[in-house]
Visitor: 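My questions will all concern the structure given below.
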There are 2 protein chains.
Amino acid sequence: MAVPRRRTQSRTAERIIDVAERLVQTRGFNNFSYADIATELRITTASLHYHFPSKAELGSALTARHAEQFAAALGQIDQHMAEPRAKLEAFTRLYEDVLRRERMCMCGILAAEYETLPKPMRSAVLRFFEENQRWLEDVLTQGRADKSLSFTPSADEIAQRILSTLEGAMLVARPDADLNRFNATAQQLLASVTA
Amino acid sequence: MAVPRRRTQSRTAERIIDVAERLVQTRGFNNFSYADIATELRITTASLHYHFPSKAELGSALTARHAEQFAAALGQIDQHMAEPRAKLEAFTRLYEDVLRRERMCMCGILAAEYETLPKPMRSAVLRFFEENQRWLEDVLTQGRADKSLSFTPSADEIAQRILSTLEGAMLVARPDADLNRFNATAQQLLASVTA
DNA sequence: GTCTATAGGCAGATAGAC
DNA sequence: GTCTATCTGCCTATAGAC
């Protein structure tokens with residue numbers, strides 16, 4: 001079934017965000033220009049400014065849409081999977097898919113340039129990590145309760161480690177887009193909490 | 001005893017690299033300018049160009065010195081510690097110390113902006129990861145041999161995971177310079193390979 | 001919504017005096 | 001080695017016509 005597209009943004013605005021998103025995830029927020037996007041979409045930078053008056057506003061739109069989509073992806077996992085172990089596997093696959101497209105996690109790359117970001121984008125980065133953390137904690141707690149998962153430190157600490165490992169594995173593996181190395185690490189992660 | 005300073009670079013050049021290093025580790029290579037360094041050292045950008053004709057060359061000098069110092073730090077560990085477990089602990093402390101100074105691992109942040117870097121800096125980033133990997137592999141292999149460490153996947157895969165986790169933990173923890181969270185993750189790492 | 005034209009700033013970099 | 005002065009290019013952003 002066709003998913004009705006959200007109409008908050010115009011179609012052009014969406015395409016701008018699409019391109020900006022790819023550029024952020026490959027080069028970082030400060031390392032692409034309105035000209036880069038304009039060229040690719042065959043419009044002018046003046047038109048870009050009509051849709052997003054400033055680059056900071058484009059950045060905010062970017063992180064806002066990303067947060068929405070990521071929350072939806074987590075929702076899909078919760079909806080279609082019952083077992084904690086399967087949920088964790090699906091979670092790592094979300095990250096793997098980013099690397100497969102030769103990108104870095106958007107908030108991971110934004111975390112690297114955190115100091116240089118406009119305030120609203122900083123908040124968005126922190127919220128992303130917190131949301132990951134919360135979701136992982138829930139899954140881990142559920143798995144510990146039904147005895148499908150087993151771990152010694154707190155769910156909170158394990159969640160922090162899982163998130164860190166996935167972010168770091170992407171960061172290190174992306175230069176040569178080494179999916180195998182990434183997956184080997186992700187597998188260890190799952191094994192480390194499986195009962 | 002006083003360590004005789006390497007005389008490859010002039011004292012001014014060293015100070016330039018000191019400032020540049022801090023700026024790279026906090027803002028990223030593309031997010032500071034010659035003007036930033038010049039202001040801080042109370043010299044002009046023209047003087048900077050005398051020492052480092054281009055920013056790419058400054059970047060290369062930066063990564064070269066960093067590689068030297070990091071290799072020396074690993075050498076110190078090898079020299080002063082015998083037990084693999086103690087070596088791993090000292091290794092994680094190297095990373096912790098970077099975060100304590102509210103910085104990100106230099107090559108971690110450079111990995112984030114990898115696509116935008118001049119070729120020599122790219123190579124330096126890859127070499128840094130490889131050297132970390134090699135050193136960790138040696139320690140792990142040694143620990144497996146003397147039965148002080150225990151792990152199921154290959155030493156190679158464990159080394160990759162350790163490196164990834166530390167890089168990711170720094171990336172995620174730096175926005176609020178949360179040393180405790182970083183250390184909690186590092187402890188899990190050590191526990192996961194301790195016999 | 002998209003365009004042309006342009007402002008204003010900052011970037012990396014160079015020439016040449018001292 | 002450090003300076004003043006300057007160049008060139010790119011960047012974000014705006015005015016105003018269509």
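Just so it is clear: chains get the letters A, B, ... in the order the sequence lines come, proteins before strands, and each one is counted from 1.
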Visitor: Between dC11(D) atom P and L23(A) atom CG, what is the distance in whole Å?
Guide: 12 Å
Visitor: Report yes or no: does D36(A) contribute a side-chain atom to a donor-acceptor pair with the main-chain N or O of S33(A) at less than 3.5 Å?
Guide: yes
Visitor: Could you tell me how far apart L58(A) (CG) and dA13(D) (C1') are, to the nearest whole angstrom?
Guide: 14 Å
Visitor: Verify the neighbour count for atom CD of E102(A): are there more than 12 heavy atoms of other residues, nucleotides or ligands below 6.0 Å?
Guide: no
Visitor: Establish, with yes or no, whether the OP1 or OP2 oxygen of dT2(C) is under 4.0 angstrom from a side-chain nitrogen or oxygen of H51(A).
Guide: yes
Visitor: Looking at R161(A) and E157(A), does any basic side-chain N land under 4.0 Å from a carboxylate oxygen?
Guide: no
Visitor: Rounded to the nearest angstrom, tell me the gap between atom CZ in R11(A) and atom C1' in dT2(C).
Guide: 18 Å
Visitor: Separation of L48(B) atom CG from dT2(D) atom C1', in whole Å?
Guide: 11 Å
Visitor: Within 45 degrees of the axis of the six-membered ring of Y114(A) and under 6.0 Å from its centre: does R122(A) put its NZ or CZ there?
Guide: yes
Visitor: Output the rounded distance in Å from NE2 (H49(B)) to P (dA5(D)).
Guide: 18 Å
Visitor: Rounded to whole angstroms, how far apart are NZ on K55(B) and C1' on dC10(C)?
Guide: 12 Å
Visitor: Name every residue in residues 31-47 of chain B that has at least one heavy atom under 4.0 Å from any atom of DNA chain D, in order of residue number, or write none if there are no such residues.
Guide: R42(B), I43(B), T44(B), A46(B), S47(B)
Visitor: Nearest whole angstrom, please: distance from the C1' of dG12(C) to the CD of E57(B).
Guide: 12 Å
Visitor: Could you check whether any side-chain N or O of R85(B) sits under 3.5 Å from a backbone N or O of L149(B), counting only pairs where one atom can act as donor and the other as acceptor?
Guide: no
Visitor: Restricting to side chain to side chain donor-acceptor pair (under 3.5 Å), what partner residues turn up for E40(A), sequence neighbours left out?
Guide: R22(A)
Visitor: Let me know the distance between CG of N30(A) and C1' of dC10(D), rounded to the nearest Å.
Guide: 15 Å
